[in-house]
Amino acid sequence: GLLSMVAFVGPDGWGNLIHSCIAMVIGFVVTFVLVWVWGYRDSVEEMPIAQEESEAPKTAPAVSAAGREEVVCLPATGWVVPLAQVPDPTFAEEILGKGAAVIPEDGKFYAPVDGEITNLTDTKPALGITSTGGLELLIHIGLETVALNGKGFTLHVEEGQKIRKGDLLVECDLAYVKAQGCE
């Protein structure tokens with residue numbers, strides 16, 4: 001550090017200080033060049049996107065089948081992760097379409113758009129939504145949660161119900177889901 005540079009001044013003069021300054025400059029330049037050549041990326045898992053009640057919901061654009069761009073809100077408070085990092089090939093390879101995963105902080109999931117509930121599974125961890133603009137969305141809560149047969153999930157909507165952005169859709173007992181070995 002700069003404050004420790006004084007330690008390099010000795011009884012023989014400034015020679016050691018000059019050598020340490022040259023070493024610091026070389027270290028800075030080499031590091032700069034290496035980062036410039038190979039790049040630097042933050043891990044997405046380390047970048048929180050929290051949605052608190054006091055702030056506006058986090059949003060992202062999406063394009064419906066009709067070609068209209070719509071705004072989709074984050075359906076839960078938590079950490080956003082690219083689908084490629086989800087340990088399930090159905091999602092990671094975007095077989096069901098583009099999207100993102102959310103590692104939830106609590107077990108509440110909200111409507112990301114205005115629209116209608118178009119599909120509910122009997123096992124409760126997945127629901128389909130069609131927005132008023134025609135965008136089709138799938139909200140799937142957890143991995144391997146179908147095996148729970150609905151235990152740990154409380155639905156607040158039913159198929160065919162009209163919803164507004166921010167309506168509570170599902171509550172999930174995250175502790176129970178983890179205790180059952182599901183993610």
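Side-chain atoms are counted along with the backbone in the values below, which use heavy atoms only and exclude waters and symmetry mates. Being a predicted model, the structure only gives us computed values, none of them experimental.
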**Prompt:** Can you tell if the side chain of Leu143 reaches within under 4.5 Å of the side chain of Pro87, non-hydrogen atoms only?
**Reply:** yes
**Message:** Quick check: closest heavy atoms across Arg164 and Asp167, and the distance to 0.1 Å?
**Reply:** N-OD2, 2.8 Å
**Complete:** Tightest non-hydrogen contact, residues Gly107 and Leu174, listed as N-CD1, 3.8 Å
**Message:** Check for me, please, whether Ile95 and Val81 land in the same ILVMFWY cluster - side-chain distances under 4.5 Å, paths through other members count.
**Reply:** no
**Request:** Enter the distance from Leu127:CG to Glu158:CD here, rounded to the nearest 0.5 Å.
**Result:** 13.0 Å
**Request:** Enumerate the residue pairs fulfilling ring pair (Phe, Tyr, Trp, His ring centres under 6.0 Å) with a member in residues 134-178, sequence neighbours excluded, ordered by first and then second residue.
**Result:** Phe91-His140
**Message:** Are the side chains of Ile117 and Ile163 in contact, using a 4.5 Å heavy-atom criterion?
**Reply:** yes
**Request:** To the nearest 0.5 angstrom, please state how far the CG atom of Asp114 sits from the OG1 atom of Thr132.
**Result:** 5.5 Å
**Message:** Please evaluate residues Leu155 and Leu120 with respect to the criterion side-chain contact (heavy atoms from CB on, under 4.5 Å), reporting the C-alpha separation (whole Å), side-chain torsions for both, the decisive distance (0.1 Å), and the verdict.
**Reply:** CA-CA 9 Å; Leu155 286 175; Leu120 287 176; 4.3 Å; yes
**Which atom of Cys73 lies closest to which atom of Lys165, heavy atoms considered** = SG-CD, 3.2 Å
**Item:** Heavy-atom pair of closest approach, residues Ile139 and Pro112
**Value:** CD1-CD, 3.8 Å
**Complete:** dist Thr130:OG1 -> Leu137:CG (nearest 0.5 Å) comes out at 8.0 Å
**Message:** With a 4.5 Å cut-off on side-chain heavy-atom distances among I, L, V, M, F, W and Y, is there a chain of contacts connecting Val157 to Val113?
**Reply:** yes
**Atom pair CD/CG of Glu136 and Leu96 - distance to nearest 0.5 Å** = 12.0 Å
**Asked** Under a single-linkage definition using a 4.5 Å side-chain heavy-atom cutoff for Ile, Leu, Val, Met, Phe, Trp and Tyr, are Phe28 and Trp36 assigned to the same hydrophobic cluster?
**Response** no
**Prompt:** Atom CG in Asn149, atom OG1 in Thr121: separation rounded to 0.5 Å?
**Reply:** 10.0 Å
**Message:** Does any part of the side chain of Leu148, heavy atoms only, come nearer than 4.5 Å to the side chain of Cys182, both counted from C-beta?
**Reply:** yes
**Asked** At their closest point, which heavy atom of Ala101 faces which heavy atom of Leu83, and how far apart are they?
**Response** N-CD2, 4.1 Å
**Request:** Can you measure from NZ (Lys162) to CD (Glu116) and round to the nearest 0.5 angstrom?
**Result:** 4.0 Å
**Prompt:** So, Ser131 and Glu70: side-chain donor and acceptor under 3.5 Å apart, yes or no?
**Reply:** yes
**Request:** Would you check if Ile141 and Val170 make a side-chain contact, meaning some heavy-atom pair closer than 4.5 Å?
**Result:** yes
**Request:** Begin with the C-alpha distance, continue with both residues' side-chain angles, and end with the deciding distance and a verdict on side-chain contact (heavy atoms from CB on, under 4.5 Å) for Leu169 and Ile129.
**Result:** CA-CA 11 Å; Leu169 303 174; Ile129 300 171; 3.9 Å; yes
**Asked** If you take all heavy atoms of Ala126 and Leu138, which pair is closest and at what distance?
**Response** CB-CD1, 4.2 Å
**Prompt:** Do Pro104 and Phe109 come within less than 4.5 Å of each other through their side chains, counting heavy atoms only?
**Reply:** yes
